[in-house]
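Heads up, the thing below is written out as structure tokens.
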Amino acid sequence: MSRLAQDPGIAAQMAAFGAEWRPAERMSAHTSLGVGGPADLVRIHDPQRLPDLMEQFQRRGIPWRVLGGGTNLLVVDEGLPDVLLHLAHSSAQHGGLAFAGNQVEVPASANLGSTVTECAKRNLGGLEGLIGVPGSVGGALRMNAGAYGTQIGDVVRALTVYRGSIGKIETLRNEKVRFEYRHTSFAPDDILLSVRLQLPDRPYAEIVERVKQCNQKRRSSQPVNEKSAGCIFKNPPGLSAGKMIDELGLKGTSVGGAVISERHANFIVNRHQATASDILKLMDLIRERVLKAFGVQLEEEVIVWRQ
Ligand code: EPU
């Protein structure tokens with residue numbers, strides 16, 4: 001529980017900032033892994049009011065984090081004392097996507113997969129590889145999500161960001177942000193609000209064909225129908241985490257309800273009501289075994305939120 005939960009007038013105060021107070025939400029319901037204890041959620045309906053809301057948080061010393069689609073996130077079983085800010089989906093047509101020639105302005109709250117298909121309908125390609133990556137556009141940007149040769153950072157033209165350091169909303173050109181392998185140069189207190197993508201013209205049929213191929217590859221090599229957070233560890237330079245874990249014969253290894261996927265060894269799936277603690281223990285086991293066998297220290301790809 002956050003300190004805000006002790007304030008009886010908090011729901012009305014949040015409403016005055018165009019935000020919705022959702023106390024003690026179980027993070028297991030907000031993450032694709034399906035684990036995690038309670039946290040207080042503030043759903044933002046009007047991002048333009050964010051500077052005023054954040055000023056309140058700062059004045060009251062309220063710690064906060066941004067919750068995106070929850071698809072690359074592991075929250076501990078004890079829950080969190082921080083307030084989780086969550087941008088509400090746009091109710092506008094086409095999920096709030098605004099097209100202008102080869103550019104499209106996309107709210108950070110938009111679903112990544114729907115964005116790929118909405119762009120395809122207008123013969124705009126370049127995002128095909130991202131089709132099966134679950135989550136929000138904001139989350140994909142922050143992590144520079146990538147698959148099958150596509151990285152979202154490659155097609156970014158500009159970003160609208162609430163910058164905690166100055167307490168204001170700013171539009172940044174792509175050159176101002178470094179997009180690296182599953183990492184970007186955004187500050188922890190930057191909140192991504194929207195992005196302008198610049199996409200190449202491509203015939204719809206061609207995009208659909210490429211999307212089909214990516215979907216097929218993903219379905220044959222990843223446990224797409226099970227609860228997971230995608231790849232658990234980053235690939236060390238020049239190496240494949242999944243291959244190393246597989247070579248150690250660890251597929252199918254479990255701790256409690258958490259299992260190393262038989263389909264892809266860099267996925268941990270929540271098969272039997274796993275807890276966050278089960279998953280963290282399984283991650284430790286993998287790290288130790290890979291270090292011992294290969295002398296390689298695996299780095300987490302999944303974001304872990306501890307108290
Ligand atoms: N491999 C095995 N056994 C396994 C898994 C993989 O031998 O259990 C081998 C494969 O046969 C292949 C190599 O390892 O030779 C690489 O595997 P794969 O092509 O599946 O790609 P990956 O490096 O494991 C990366 C990304 C995925 C992304 C795919 C497709 C990381 C950590 N993972 O996986 O991204 O979907 O490429 O582009 O960068 C994610 O970010 O969450 C994620 C799943």
Side-chain angles (χ1 to χ4, degrees), residues 31-35 68-75 111-113 115-116 125-155 178-184 186 207 209-254 258-271 279-280 282-283 285-287 289-291 293-294 296-305:
T31 56
S32 56
L33 263 173
V35 300
T71 55
N72 193 42
L73 180 63
L74 172 59
V75 181
N111 176 274
L112 183 59
T115 301
V116 178
L127 298 172
E128 295 88 332
L130 295 171
I131 188 67
V133 177
S136 68
V137 166
L141 285 165
R142 188 166 263 282
M143 287 297 292
N144 192 17
Y148 307 114
T150 308
Q151 294 197 103
I152 194 161
D154 297 342
V155 289
R178 274 198 324 280
F179 287 96
E180 294 160 3
Y181 168 61
R182 301 297 193 271
H183 178 80
T184 55
F186 292 113
I207 300 176
E209 187 48 39
R210 176 93 180 103
V211 157
K212 265 194 206 153
Q213 286 169 5
C214 292
N215 271 334
Q216 233 161 21
K217 271 198 207 160
R218 190 181 290 279
R219 269 197 301 268
S220 66
S221 62
Q222 298 182 3
V224 292
N225 295 321
E226 290 194 89
K227 290 184 194 163
S228 83
C231 284
I232 287 283
F233 296 106
K234 292 184 182 177
N235 283 337
L239 295 169
S240 159
K243 194 156 185 268
M244 289 191 282
I245 302 165
D246 192 359
E247 280 175 9
L248 290 171
L250 290 175
K251 281 182 171 175
T253 305
S254 62
V259 185
I260 300 178
S261 164
E262 293 81 0
R263 187 157 285 198
H264 195 300
N266 197 14
F267 278 66
I268 291 180
V269 293
N270 174 0
R271 199 168 284 167
I279 295 169
L280 288 167
L282 197 48
M283 287 167 66
L285 182 152
I286 295 171
R287 251 193 299 254
R289 293 289 305 274
V290 168
L291 182 60
F294 299 99
V296 172
Q297 185 75 55
L298 287 180
E299 199 186 317
E300 285 161 11
E301 203 257 348
V302 63
I303 308 285
V304 181
W305 281 355

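When a ligand or atom number is given, it counts from 1 through the structure's own listing order. FYI, the numbering just counts along the sequence from 1.
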Quick one: side chains of residues 224-233, donor-acceptor pairs under 3.5 Å with protein atoms, not counting sequence neighbours, listed by atom name and distance.
| unit_1 | atom_1 | unit_2 | atom_2 | d |
| --- | --- | --- | --- | --- |
| Glu226 | OE1 | Arg271 | NE | 2.8 |
| Glu226 | OE1 | Arg271 | NH2 | 3.4 |
| Glu226 | OE2 | Arg271 | NH2 | 3.1 |
| Ser228 | OG | Gly230 | N | 3.1 |

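Contact between Gln297 and Arg287 at its shortest, heavy atoms only, is NE2-CD, 3.8 Å. Residues Ile152 and Ala140 come closest through the heavy atom pair CG2-O, 3.5 Å.
Judged as a salt bridge (Lys or Arg N to Asp or Glu O under 4.0 Å), the pairs with a partner in residues 229-238 (not counting sequence neighbours) are, in order, Lys234-Glu299. The stretch residues 133-149 participates, sequence neighbours left out, in no salt bridge (Lys or Arg N to Asp or Glu O under 4.0 Å) pair at all.
When heavy-atom distances to ligand 1 are checked against 4.0 Å, the residues falling inside are Ala147, Tyr148, Tyr181, Arg182, Arg218, Gln222, Gly230, Cys231, Phe233, Asn235, Ser240, Gly242, Lys243, Asp246, Lys251, His264, Ala265, Asn266, Phe267, Glu301, ordered by chain and number.
To the nearest 0.5 angstrom, Leu33 atom CG is 4.5 Å from Ile279 atom CD1.
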